[in-house]
Amino acid sequence: MSSSSVDDLVEAGSEYHAGFVTDVESETLPPGLDESVVRYISAQKNEPEWLTQWRLKAFAQWQEMREPNWAHVHYPPINFQDISYYSAPKSQTDGPRSLDEVDPELLRTYEKLGIPLHEQAALAGVVPDPAAIGTPAGANVAVDVVFDSVSIATTFKETLAEAGVIFCPISEAVHSHPELVQKYLGTVIPQRDNYYAALNSAVFSDGSFVYIPKGVRCPMELSTYFRINERNTGQFERTLIIADEGSHVSYLEGCTAPMRDENQLHAAVVELVALGDAQIKYSTVQNWYPGDENGKGGIYNFVTKRGLCAGPRAKISWTQVETGSAITWKYPSVVLRGDDSVGEFYSVALTNNRQQADTGTKMIHMGKNTKSTIVSKGISAGGSANCYRGLVRISPTAHNARNFTQCDSLLIGDQCAAHTFPYIENKNNSATIEHEASTSKVSDDQLFACQQRGIETEQAVSMIVNGFCKEVFRELPMEFAVEAGKLLEVSLEGAVG
Amino acid sequence: MSLLNVTDLHASVITDDGAQPILKGLTLNVRPGEVHAIMGPNGSGKSTLANVLAGRPGYTVDSGTATLTERGLLELEPFERAQLGLFLAFQYPVEIPGVSNMEFLKASIDSLARARGDEQPNTATYMKQVRELAASLDLDPAFLKRGVNEGFSGGEKKRNEIMQLLLLQPKLALLDETDSGLDIDALKVVAEGVNRYRSANNGVVLITHYQRLLDYIVPDFVHVLSNGKIIESGDKSLALELEAKGYAWLT
Ligand SMILES: Nc1ncnc2c1ncn2[C@@H]1O[C@H](COP(=O)(O)OP(=O)(O)OP(=O)(O)O)[C@@H](O)[C@H]1O
Ligand SMILES: [Mg+2]
């Protein structure tokens with residue numbers, strides 16, 4: 001009975017459709033990191049003095065810090081002097097231009113990935129090919145595209161401008177809206193927050209900047225698409241989203257990288273600020289190259305994401321579908337400072353082959369009547385390790401705070417592992433904290449029940465896994481939910497022989 | 001013409017202590033239009049027969065043959081057997097959380113259509129058909145949106161199996177104790193469903209412990225399975241005799 005029982009299915013060979021390399025001439029800094037590199041990056045972007053100093057301070061702090069080692073992941077020490085900290089396609093060194101002037105080779109890259117850079121194509125709803133899976137293609141989405149260290153195009157700028165929405169590369173915002181950048185940069189995630197945040201603060205290259213004015217409901221989904229192309233480079237993007245009082249925004253993030261035998265570092269920082277009555281919904285489909293079936297190559301995804309509910313009734317919601325990367329180390333968090341503010345975290349993390357993921361969230365309750373919800377779905381296949389780590393902290397000021405956590409693990413085969421580390425720190429006895437956890441397996445019986453109705457093995461596995469993830473997929477914007485389902489299917493290809 | 005032909009089948013269950021022979025030379029021939037009831041003591045191998053024919057993991061075939069419409073079954077993958085027209089109504093239907101009945105049945109009906117080279121049924125027509133079937137089996141339409149068997153009562157699970165049978169229209173239905181756990185009204189509903197399915201082109205193998213079911217689904221043959229072999233075959237009157245006398249007089 002060759003490929004019908006779960007045990008038989010846990011064999012190697014998953015497919016990664018976004019693994020090609022774009023042949024463009026790049027301007028890449030030689031590997032190595034010191035003050036001059038930090039100054040070089042700042043100079044490349046013509047930054048004002050305050051920002052150069054801000055970077056240098058972060059760099060000084062980083063040098064004093066140690067790499068964290070508490071996560072449940074294993075990898076050889078990273079030599080930070082072997083990494084190049086800046087790479088830009090040569091044709092783009094003059095900074096972002098209009099879409100018509102973007103290097104056609106780059107446009108073709110995004111076409112292949114299914115990212116509609118032409119606004120017309122985007123409106124028509126481009127049908128994505130398999131390489132596009134995990135990317136925010138689809139109708140009526142404004143896209144900012146980051147290629148290695150620079151942003152190469154932002155679409156729908158004018159439509160957004162009419163609504164007063166600012167959506168542009170952060171390198172541009174530094175010049176066009178310096179007061180906003182200076183006011184908020186590093187306020188949610190201080191430079192010295194952690195080792196990788198400090199590194200990012202020193203060398204961040206590009207990323208997106210969003211500002212939604214008071215009372216405005218952003219007329220379309222915003223999204224950033226990150227692509228690593230150059231060899232031996234790190235990607236250190238920085239995203240800052242500010243939702244002013246009473247505004248709403250939904251933001252999507254997607255990422256891919258070529259297949260390479262070396263590991264590459266991605267250390268991003270994302271800061272969200274929601275003022276009173278504002279709502280930010282941040283969705284990620286992370287499909288960085290995960291390495292081959294033996295664990296060779298792949299992205300180290302060490303990311304700091306945090307949102308601040310700064311005013312009353314603010315709401316921040318993180319939804320993530322994490323299927324890529326060799327190692328993921330990521331805890332999108334919410335600081336609930338405003339009274340009655342709401343934090344949500346919905347996560348699907350899938351690991352296959354040799355992938356390792358240590359991911360979860362932190363909900364820091366400070367305001368009264370604050371409420372948080374955590375739904376985490378971990379799926380482990382192959383010989384992978386998948387770990388949920390979550391902190392719920394109720395401060396003494398957080399009267400009547402409420403948290404609900406549900407943490408489910410699904411195992412495919414018996415070579416993989418799942419761990420959960422829920423931490424609860426409660427300093428206020430009016431709080432209500434609920435925690436539910438489960439671990440289950442895709443059983444031979446479930447698979448057989450599907451097969452007995454004529455459903456082929458791979459489809460059966462992906463249907464069962466999709467069912468397991470339903471509560472999270474429900475939270476994704478429509479087009480993204482469909483993509484996420486397909487991405488799971490592709491990521492599981494290895495697991496189903 | 002033979003629909004299902006099983007000849008001298010020997011099969012074992014794989015346990016922690018190695019393979020344990022269960023079927024020890026079983027022969028059974030079902031022609032189109034026939035209903036065969038299989039009765040026999042607990043542990044005699046009835047479910048094993050159904051499982052081995054459907055290709056469930058955990059068993060090995062030691063010798064013998066089994067064909068459906070003259071095509072060898074035993075070397076096929078489970079989904080290929082289903083695509084060939086074999087249907088097993090499970091003794092213990094399994095839950096698939098988060099996968100709605102609608103979605104599951106659509107995946108199933110589409111796979112079977114694809115295998116036949118037919119067009120996939122139109123979604124609206126399909127949904128209408130499923131709703132009607134559910135109603136005919138006294139199943140609340142809300143159940144179609146719920147996860148497959150998720151939180152269903154025992155009786156609902158069994159009725160769900162029969163609904164699938166009627167929707168998928170296989171060539172051969174193996175019903176493993178579809179009657180057990182049903183109250184008398186549900187039993188009638190299920191029996192009525194099976195009778196609706198019966199036709200001159202298909203066949204039914206009905207595994208049951210109770211003569212009562214055979215009052216509603218009248219079999220053409222009744223077989224007694226004991227210790228991995230069919231030890232007695234007859235018509236419906238054999239079931240009545242078994243009810244009166246038990247199995248001991250046969251062994
Ligand atoms: N997975 C298994 N592991 C160990 N033994 C098994 C397994 N499956 C079946 N058996 C054994 O095989 C024998 C036949 O079981 P089977 O389920 O076919 O009986 P049955 O005739 O269907 O019984 P019942 O009337 O109780 O449903 C039993 O002794 C049973 O314990
Ligand atoms: Mg049985």
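We name chains A, B, ... by the order of the sequence lines, and we start the count at 1 in each one.
- With a threshold of 4.5 angstrom between heavy atoms, B:Leu84 does not approach chain A through any atom at all.
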### Query
Given B:Phe79 and A:Thr457, is the side-chain contact (heavy atoms from CB on, under 4.5 Å) satisfied, shown in steps?
CA-CA 8 Å; B:Phe79 67 84; A:Thr457 316; 3.9 Å; yes

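- Both the backbone and the side chain of B:Leu88 come within less than 4.5 Å of a heavy atom in chain A.
- With rounding to the nearest 0.5 Å, the separation of CD in B:Gln164 from CZ in A:Arg453 is 4.5 Å.
- Among all heavy-atom pairs drawn from A:Gly467 and B:Val99, the shortest one is CA-CG2, 3.8 Å.
- Salt-bridge check for A:Asp445 with B:Arg56: passed, with a basic side-chain N closer than 4.0 Å to an acidic carboxylate O.
- Neither the backbone nor the side chain of B:Ala115 comes within contact range of chain A; no heavy atoms are under 4.5 Å apart.
- Within 6.0 Å of NZ in A:Lys371 there are 12 or fewer heavy atoms belonging to other residues, nucleotides or ligands.
- Distance check, rounded to the nearest 0.5 Å: CD1 of A:Ile455 to NZ of B:Lys106 gives 11.5 Å.
- Considering CD1 of B:Ile96 and CE of A:Met463, their distance stands at 5.5 Å, rounded to 0.5 Å.
- There is no contact between B:Glu75 and chain A, counting heavy-atom distances below 4.5 Å.
- Taking 4.5 Å as the limit, every side-chain heavy atom of B:Pro97 sits out of range of all side-chain heavy atoms of A:Phe468.
- One finds the OG atom of A:Ser443 at 10.5 Å from the CD atom of B:Glu95 (value rounded to the nearest 0.5 Å).
- Remark: side-chain polar atoms of A:Gln451 are not paired, donor with acceptor, to backbone N or O of B:Pro78 under 3.5 angstrom.
- At a 4.5 Å heavy-atom cutoff, the contact between B:Ala89 and chain A is made by backbone atoms alone.
- A:Gly454 and B:Ser111 get closest at one heavy-atom pair: O-CB, 3.1 Å.
- In terms of non-hydrogen atom pairs under 4.5 Å with chain B, the most contact-rich of A:Gln459, A:Gln446, A:Lys470, A:Gln452 is A:Gln452.
- A:Cys450 places a side-chain heavy atom less than 4.5 Å from the side chain of B:Phe104.
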